[in-house]
Amino acid sequence: MSETPPNTLQYRFDGPEDAPVLILGPSLGTTWHMWDRQVPELAQQWRVFRFDLPGHGGAPAHPAGSVAEIATRLLATLDGLGVQRFGYAGCAFGGAVGIELALRHPERLASLALIAASPRFGTADEFRQRGVIVRTNGLDPIARSSPERWFTGGYAAAQPAITEWAVQMVRTTDPGCYISACEALAAFDVRGELGRVGVPTLVLVGSDDQVTGPAEARTLVAGIPDARLAVVPGASHLVPVEQPAAVTDLLVRHFTTAWQAAPDATSTGQIPVPAHPAAHPVPVSGSVAAPVQPGPAQPPQSAPIAEIAPAPVVPPQAQGRPDPYDAGLKVRREVLGDGHVDQALAQADEFSGDFQEFLTRYAWGEIWDRPGLDRRSRSCVTLTALVAGGHLDELAPHLRAALRNGLTPGEIKEVLLQAAVYCGVPAANGAFRVAQQVIREETTPPE
């Protein structure tokens, strides 16, 4: 266990002190205990390092706004412990951290396993919507719906103790840290960079995963030059919990046979990567166990191997002052949502296209992207200006933007009350009607 400064992570070690270090990264809403059934076998060969995300599992609530920041805190933690090179296996959010490490700090990684991972997790709107729900209703709605996202229906029904454990694990997470993690996943998109992942990689996915399923796994395998795919039958998103024996077997096989020595390392007993790893399928264990009671035996199965795509060509950076259009489009999407922006751009024609480009480049790239005010403050100003101008047709998307930017329904109410004093009661009356409908739609938890 550890004392945890703001720039590091809560962690624990298992296994021999002189063994190579293998890191296990958690999924959003979980703790390091999601790996409990893997540790006994992995710790026979490796020094297993597990960590908690901020505000998870009792870790101090120091929110991190990006996947890169979590990776930086992880490396700071490892630096303090004298760990320079390691293998890494991460599930979902933990997989995003693994990709970030492979792209930005490849010299630290000996081998990589990505479980229930994706180069882009759903859409930015989905995760920002989840943040709005948590900010308004707390974590209980997310906690109660976690088992259906994480486990197959049969498993959840057969393992009520594990199902309740999952609910309580989410429910006891710090809401602010959970919202920040949602924002981090909303901004995470490395689809154009996968070709630069140079470490041997196992991509592992449950066959019934409805969150980041086999399609996302195949995208990773197609983009990462040295990657293999293993599909675990009868498992959903939290596959290390639902099918622990199969996952343990796959991790042992991968990290035993695909552990790259450091370029300047002498012989250390590490096993070199096969010359053509894509030619060797990763078999799924034939003995699959549930976390509480042994599950039914599964027939042996070879994992399908996806086609390996060429690395994408990354254009060189333009010289001089960057065009604010790209930054503006990014901000516009983050604030208003992909759906709204896609619709606006799709409806643009030869007559209105220049106006849409003007909005993106100057309103969003020059003004909304300025550092002088945070987005919460800009939302307050924008809502007030729209009420003052009587622009109720523009109010709904900016109310949704205000919720994404961190304003609570109570704070929006205060903005509209303030506007009623200075902009007039009739204007505020219409604004309250629009806001009431938008807030109801945006903050109602999913069924």
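Position 1 is the first residue of the sequence, and the numbers go up from there.
- Taking 4.5 Å as the limit, every side-chain heavy atom of Arg128 sits out of range of all side-chain heavy atoms of Leu403.
- Looking at every heavy atom in both residues, Arg228 comes nearest to Thr257 through NH2-OG1, 4.0 Å.
- Using a 4.5 Å heavy-atom threshold, the side chains of Arg332 and Leu359 count as touching.
- The shortest heavy-atom contact between Ile142 and Val134 is CG1-CG2, 3.7 Å.
- Panel note: side chain Gln38, backbone Val247; no donor-acceptor pair is recorded below 3.5 Å.
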query = Can Asp369 and Lys330 be said to form a salt bridge (Lys or Arg N to Asp or Glu O under 4.0 Å), step by step?
reply = CA-CA 10 Å; Asp369 201 33; Lys330 179 176 182 292; over 6 Å; no
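- A donor-acceptor pair under 3.5 Å is formed between the side chain of Asn137 and the backbone N or O of Thr443.
- Side-chain contact between Glu216 and Val205: absent, with no pair of heavy atoms (C-beta onward) separated by less than 4.5 Å.
- Listed by first and then second residue, the salt bridge (charged side-chain N to carboxylate O under 4.0 Å, His left out) pairs that reach into residues 90-103 are Glu100-Arg104, sequence neighbours excluded.
- A search for side-chain contact (heavy atoms from CB on, under 4.5 Å) contacts involving Thr72 returns nothing, not counting sequence neighbours.
- Qualifying side-chain contact (heavy atoms from CB on, under 4.5 Å) partners for Thr123, counting only residues two or more places apart in sequence or in other chains: Asp125, Glu126, Asp338.
- Although no hydrogens or angles enter the test, the distance criterion places no donor-acceptor pair under 3.5 Å between the side chain of Glu17 and the main chain of Gly15.
- A donor-acceptor contact shorter than 3.5 Å is absent between the side chain of Glu442 and the backbone of Val132.
- With sequence neighbours left out, the side-chain hydrogen bond (donor to acceptor under 3.5 Å, both in side chains) criterion links His33 to Asp36.
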inquiry  = Run Val197 and Val190 through side-chain contact (heavy atoms from CB on, under 4.5 Å) and show every step you take.
reply    = CA-CA 10 Å; Val197 175; Val190 295; over 6 Å; no
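- Residues Arg171 and Asp140 form a side-chain contact, since some pair of their non-hydrogen atoms from C-beta on lies under 4.5 Å apart.
- A donor-acceptor pair under 3.5 Å is absent between the side-chain atoms of Arg361 and the main chain of Gly328, judged by distance alone.
- The shortest distance between side-chain heavy atoms of Ile99 and Leu220 falls below 4.5 Å.
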Give every donor-acceptor pair under 3.5 Å between a side-chain atom in residues 339-347 and any protein atom, sequence neighbours left out.
| unit_1 | atom_1 | unit_2 | atom_2 | d |
| --- | --- | --- | --- | --- |
| Asp342 | OD1 | Arg333 | NH1 | 2.8 |
| Asp342 | OD1 | Arg333 | NH2 | 2.9 |

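- Judged by distance alone, with hydrogens and angles left aside, the side-chain atoms of Arg108 form a donor-acceptor pair with the main-chain N or O of Val83 at under 3.5 Å.
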Sequence neighbours excluded and cut-off under 3.5 Å, please list the side-chain donor-acceptor pairs for residues 176-186, or say none.
| unit_1 | atom_1 | unit_2 | atom_2 | d |
| --- | --- | --- | --- | --- |
| Tyr178 | OH | Arg130 | NH1 | 3.1 |
| Ser180 | OG | Gly176 | O | 3.2 |

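- With hydrogens and angles disregarded, no donor-acceptor distance shorter than 3.5 Å links the side chain of Arg37 to the backbone of Val241.
- The two atoms that bring Leu229 and Val221 nearest to each other are CB-CG2, 3.7 Å, heavy atoms only.
- Atom CZ of Arg440 is surrounded by more than 12 heavy atoms from other residues, nucleotides or ligands within 6.0 Å.
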request  = Please lay out, stage by stage, how Ile162 and Tyr155 fare under the test side-chain contact (heavy atoms from CB on, under 4.5 Å).
outcome  = CA-CA 9 Å; Ile162 298 297; Tyr155 178 84; 3.6 Å; yes
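- Here Pro147 pairs with Phe151, Thr163, Val167 under the side-chain contact (heavy atoms from CB on, under 4.5 Å) rule; sequence neighbours left out.
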message = Checking Phe51 against Thr77 for the side-chain contact (heavy atoms from CB on, under 4.5 Å) test, could you report, in this order, the C-alpha distance in whole Å, the side-chain angles of both residues, the deciding distance, and whether it holds?
response = CA-CA 10 Å; Phe51 66 91; Thr77 306; over 6 Å; no
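- Every residue two or more places apart in sequence or in another chain that forms a side-chain contact (heavy atoms from CB on, under 4.5 Å) with Val415 is listed here: Cys380, Leu383, Thr384.
- When atom types are taken as modelled, the side chain of Arg85 and the backbone of Leu109 share a donor-acceptor pair closer than 3.5 angstrom.
- Nearest heavy atoms, Gln10 versus Ala59: OE1-CA, 3.4 Å.
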request  = Mind running side chain to side chain donor-acceptor pair (under 3.5 Å) on Ser379 and Asn405 for me, showing each step along the way?
outcome  = CA-CA 7 Å; Ser379 279; Asn405 286 342; 2.9 Å; yes
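- You'll find the side chain of Ser118 stays beyond 4.5 Å of the side chain of Thr219, heavy atoms only.
- Screening residues 229-240 for side chain to side chain donor-acceptor pair (under 3.5 Å) gives Asp209-His237, Thr212-His237 as the qualifying pairs, with residues at least two apart or on separate chains.
- A donor-acceptor pair is defined here as one N or O able to donate and one able to accept, closer than 3.5 Å; such a pair exists between the side chain of Thr172 and the backbone of Met169.
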query = Val199 and Leu101: side-chain contact (heavy atoms from CB on, under 4.5 Å), yes or no, with the steps?
reply = CA-CA 10 Å; Val199 65; Leu101 291 170; over 6 Å; no
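- With sequence neighbours excluded, the residues that form a ring-ring contact (aromatic ring centres under 6.0 Å, His included) with Trp364 are Trp368.
- Counting only distance, with no hydrogens or angles, the side chain of Arg73 and the backbone of Asn7 share no donor-acceptor pair below 3.5 Å.
- Between atom CG of residue Asp14 and atom CG of residue Leu42 there is a gap of 10.0 Å, rounded to the nearest 0.5 Å.
- The distance from atom CG of Leu24 to atom OH of Tyr11, rounded to the nearest 0.5 Å, is 15.5 Å.
- In the model, Arg149 has a side-chain atom that pairs as donor or acceptor with a side-chain atom of Ser146 under 3.5 Å.
- With sequence neighbours excluded, no residue forms a side-chain hydrogen bond (donor to acceptor under 3.5 Å, both in side chains) with Ser27.
- In this structure, OG1 in Thr136 is found 8.0 Å from CD1 in Ile439, a value given to the nearest 0.5 Å.
- The closest side-chain heavy-atom distance from Trp150 to Val170 is below 4.5 Å.
- Taken to the nearest 0.5 Å, the CZ atom of Arg47 stands 9.0 Å off from the CG atom of Asp18.
- Atom NE2 of His62 sits about 10.5 Å away from atom CG of Asp174, to the nearest 0.5 Å.
- Every salt bridge (charged side-chain N to carboxylate O under 4.0 Å, His left out) that Arg375 has, sequence neighbours left out, goes to Glu334.
- The two atoms that bring Leu112 and Ala102 nearest to each other are CD2-CB, 4.1 Å, heavy atoms only.
- Of all heavy-atom pairs spanning Trp46 and Phe255, the tightest one is CZ2-CB, 3.4 Å.
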message = Checking Thr382 against Arg378 for the side chain to side chain donor-acceptor pair (under 3.5 Å) test, could you report, in this order, the C-alpha distance in whole Å, the side-chain angles of both residues, the deciding distance, and whether it holds?
response = CA-CA 6 Å; Thr382 302; Arg378 292 191 185 278; over 6 Å; no
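- Atom CH2 of Trp35 and atom CD1 of Ile23 lie 12.0 Å apart (nearest 0.5 Å).
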